[in-house]
Amino acid sequence: MSPEEYDSLSSRLKKLPGELKALMEKRIELFSLEMGEHISGLIAHAMYRLAGIVFLALGLILILFGLSSLIGGFLESQSLGYIVVSAPMIILGLMFFFRRPRSMVVSTQGRMLQQFMSDLTVQMSRFESEDGTESPVSGQEKATGPARGEQSDASEPPKPNN
């Protein structure tokens with residue numbers, strides 16, 4: 001090897017740590033941008049759903065006012081009409097407030113955790129495929145995440161103590 005080739009190789013090897021550092025910084029920046037985009041998309045969907053829920057609630061309230069007036073007209077007491085319509089709502093609200101069905105909480109928590117883990121696996125597989133390294137997750141799970149009804153040990157919700 002000639003001295004010029006040795007100097008060229010030596011200078012390239014000296015630049016390698018800096019280039020690797022720059023590459024890692026770019027990867028982290030790209031990951032944060034993609035996660036920010038994903039989170040902003042989730043927030044936008046949540047805002048649209050919230051707006052839909054608000055409009056549905058307003059419509060339900062107006063229907064209940066109309067029903068209360070109608071029942072109040074039949075009973076010849078406006079206030080009695082409101083009591084008849086609001087009593088089932090109050091009972092139902094108290095049942096949800098005091099009872100808090102544990103199975104609903106656990107299943108919802110499990111679904112949210114499973115979706116988060118699936119999204120995270122897909123994001124990580126994108127970065128690993130760009131590196132050329134193989135992920136420990138199989139190819140089918142990379143694209144779709146865990147199959148429906150399947151939960152990994154890490155995302156299994158705690159069992160209720162009843």
Side-chain angles (χ1 to χ4, degrees), residues 23-162:
L23 177 65
M24 291 306 294
E25 288 174 353
K26 293 294 181 184
R27 293 275 179 167
I28 292 170
E29 185 179 340
L30 178 62
F31 179 74
S32 24
L33 286 173
E34 285 183 353
M35 290 308 291
E37 180 182 341
H38 183 70
I39 289 171
S40 66
L42 289 175
I43 291 172
H45 286 291
M47 293 301 291
Y48 281 116
R49 285 189 182 207
L50 182 63
I53 289 171
V54 166
F55 286 123
L56 285 172
L58 286 173
L60 180 64
I61 288 170
L62 291 174
I63 286 174
L64 291 175
F65 272 118
L67 185 63
S68 298
S69 294
L70 181 67
I71 291 174
F74 288 138
L75 298 175
E76 296 178 1
S77 171
Q78 207 61 16
S79 58
L80 195 56
Y82 284 101
I83 291 172
V84 167
V85 170
S86 65
M89 297 293 168
I90 291 172
I91 292 170
L92 188 64
L94 289 173
M95 282 176 46
F96 271 97
F97 181 75
F98 287 116
R99 185 154 171 171
R100 287 186 217 135
R102 185 129 177 96
S103 62
M104 286 175 54
V105 171
V106 169
S107 69
T108 303
Q109 182 182 20
R111 281 192 308 239
M112 289 174 64
L113 185 59
Q114 184 178 6
Q115 182 64 40
F116 173 76
M117 293 303 289
S118 174
D119 290 346
L120 185 62
T121 303
V122 169
Q123 288 292 327
M124 293 304 292
S125 67
R126 284 186 190 167
F127 288 116
E128 290 171 354
S129 66
E130 289 175 5
D131 282 346
T133 58
E134 185 57 38
S135 167
V137 179
S138 70
Q140 179 64 22
E141 286 182 350
K142 277 185 192 176
T144 61
R148 256 187 211 269
E150 258 186 46
Q151 290 183 345
S152 67
D153 294 337
S155 67
E156 189 170 310
K159 303 290 185 213
N161 297 330
N162 288 342

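Keep in mind the model is a prediction, meaning the values are calculated, not measured.
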Any residue meeting side chain to side chain contact (heavy atoms under 4.5 Å, CB included) with [X], in chain and number order, not counting sequence neighbours:
X	answer
L94	I90, F98
Q78	S69, Y82
I28	none
L70	F74

Taking atom CE as the centre, does M35 end up with more than 12 heavy-atom neighbours from other residues, nucleotides or ligands that are less than 6.0 angstrom away?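 For M35, atom CE is crowded (more than 12 foreign heavy atoms under 6.0 Å).
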Residues which pass side-chain hydrogen bond (donor to acceptor under 3.5 Å, both in side chains) with S86, listed by chain and number, not counting sequence neighbours: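 Listed in chain order: nothing, the list is empty.
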Sequence neighbours excluded - side chain to side chain donor-acceptor pair (under 3.5 Å) pairs with any residue from residues 39-57: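 Checked against side chain to side chain donor-acceptor pair (under 3.5 Å) - neighbours excluded - no pair reaches residues 39-57.
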Find the distance between CG (L42) and CG (D119) and round it off to the nearest 0.5 Å.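 The distance works out to 7.5 Å.
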Below 3.5 Å, can you tabulate the donor-acceptor pairs from side chains in residues 50-64 to any protein atom, sequence neighbours excluded?
none

Quick one: closest heavy-atom pair of V85 and S68, and the distance?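 Looking at all heavy atoms of both residues, the shortest contact is CB-OG, 3.3 Å.
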